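Only one structure is covered here, and it is reproduced in the block below.
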Amino acid sequence: MIRLSQEHLQTIRTHAESTYPDECCGIILGYLASEGKIVVEVMPTENAWNTEAAAEFPGEHTAESKRRQYAIAPEVMLKTQREARVSEARSLNIIGIFHSHPDHPAIPSECDRLYAWQGYSYIIVCVQNGKAGELQSWSLDDTHQFQAEAIENII
């Protein structure tokens with residue numbers, strides 16, 4: 001289970017609508033607790049998908065379109081993780097990634113699965129005609145297949 005506030009959900013939806021018809025993406029910061037993953041911050045990032053990013057992901061899923069692909073620049077991931085851990089008051093980790101599926105369901109694609117990391121939550125928001133709709137969270141199981149993950153709103 002992943003627990004996040006209505007404000008976190010709104011940040012994800014707003015970012016998804018603002019980048020439509022391209023995919024949005026961002027980093028989810030928080031910590032693990034007995035009741036699941038607790039989100040402290042969602043951080044919208046730029047979709048860095050481009051020719052160089054496509055070269056890092058060989059195969060047939062290298063279309064040069066941000067409408068069907070997303071990438072978070074490695075330096076952004078590293079800087080975010082470093083800053084989240086350094087602050088003693090925060091002591092957070094990256095616990096997930098969010099992205100949108102413009103005019104497609106909030107279900108992971110095969111490309112999403114191939115490049116996902118175990119232990120992370122993957123929140124996907126469907127954006128139909130520029131309006132954010134269904135939002136679902138997914139995580140990888142031991143066989144590297146996505147399983148639905150419950151989302152619980154916290155105040």
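For clarity, every value in this text was computed on a predicted model and none was experimentally measured.
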Please say yes or no: joined through hydrophobic side-chain contacts below 4.5 Å, possibly via intermediate residues, are [X] and [Y] part of one cluster?
X      : Y      : value
Ile97  : Val127 : no
Trp117 : Ile72  : yes
Ile123 : Tyr120 : no
Ile151 : Ile12  : yes

Spell out, as yes or no, whether a donor-acceptor pair under 3.5 Å connects the side chain of Trp138 to the backbone of Ala106.
yes
Has Asp103 got a side-chain atom pairing as donor or acceptor with Asn129's backbone, closer than 3.5 angstrom?
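Looks like yes, one N/O pair under 3.5 Å.
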Is there a side-chain contact (heavy atoms from CB on, under 4.5 Å) between Tyr122 and Asp112? Walk through the geometry before answering.
CA-CA 9 Å; Tyr122 289 87; Asp112 291 337; over 6 Å; no
Do [X] and [Y] make a side-chain contact, defined as non-hydrogen atoms from C-beta onward lying under 4.5 Å apart?
X      : Y      : answer
Ile94  : Leu29  : yes
Ile107 : Ile124 : no
Gln69  : Glu23  : no
Arg68  : Pro102 : yes
Thr45  : Thr80  : no
Thr11  : Pro44  : yes
Arg113 : His144 : yes
Asn47  : Thr19  : no

What distance do Glu7 atom CD and Asn153 atom CG have between them, rounded to the nearest 0.5 Å?
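Between atom CD of Glu7 and atom CG of Asn153 there are 12.5 Å.
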To the nearest 0.5 Å, atom CD of Glu152 lies from atom CG of Leu4 at 10.0 Å
Considering all heavy atoms of both residues, which atom of [X] and which atom of [Y] are nearest to each other, and what is their separation?
X      : Y      : answer
Phe98  : Val42  : CE2-CB, 4.2 Å
Lys66  : Trp49  : CE-O, 3.1 Å
Ile95  : Ile38  : CD1-O, 3.7 Å
Phe146 : Ala116 : CZ-CB, 3.6 Å
Cys25  : His15  : O-NE2, 3.2 Å
Ser137 : Ile2   : OG-CG2, 3.7 Å

How far apart are the C-alpha atoms of Asn93 and Gln81, what are their side-chain angles, what is the distance that settles it, and do they pass the side-chain contact (heavy atoms from CB on, under 4.5 Å) test?
CA-CA 6 Å; Asn93 285 300; Gln81 185 65 66; 3.1 Å; yes
Holding to side chain to side chain contact (heavy atoms under 4.5 Å, CB included), I want the full list of residues that pass it with Arg13, two or more places apart in sequence or in another chain.
Gln6, Leu9, Gln10, Val125, Ala132, Leu135
Ser139 meets the side chain to side chain contact (heavy atoms under 4.5 Å, CB included) criterion, sequence neighbours left out, with Lys37, Glu149
Indicate yes or no: does Glu83 engage Lys79 in a salt bridge with an N to O separation below 4.0 Å.
yes
Is the number of heavy atoms from other residues, nucleotides or ligands under 6.0 Å of Glu46 CD greater than 12?
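No.
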Flag for Gln147-Asp141: side-chain donor and acceptor within less than 3.5 Å
yes
Are side-chain N/O atoms of His8 and Ser5 paired as donor and acceptor at under 3.5 Å?
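Distance-only check passes for His8 and Ser5.
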Parallel, tilted or perpendicular: which fits the ring planes of His99 and Tyr70, with parallel below 30° and perpendicular above 60°?
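It falls in the parallel class, under 30°.
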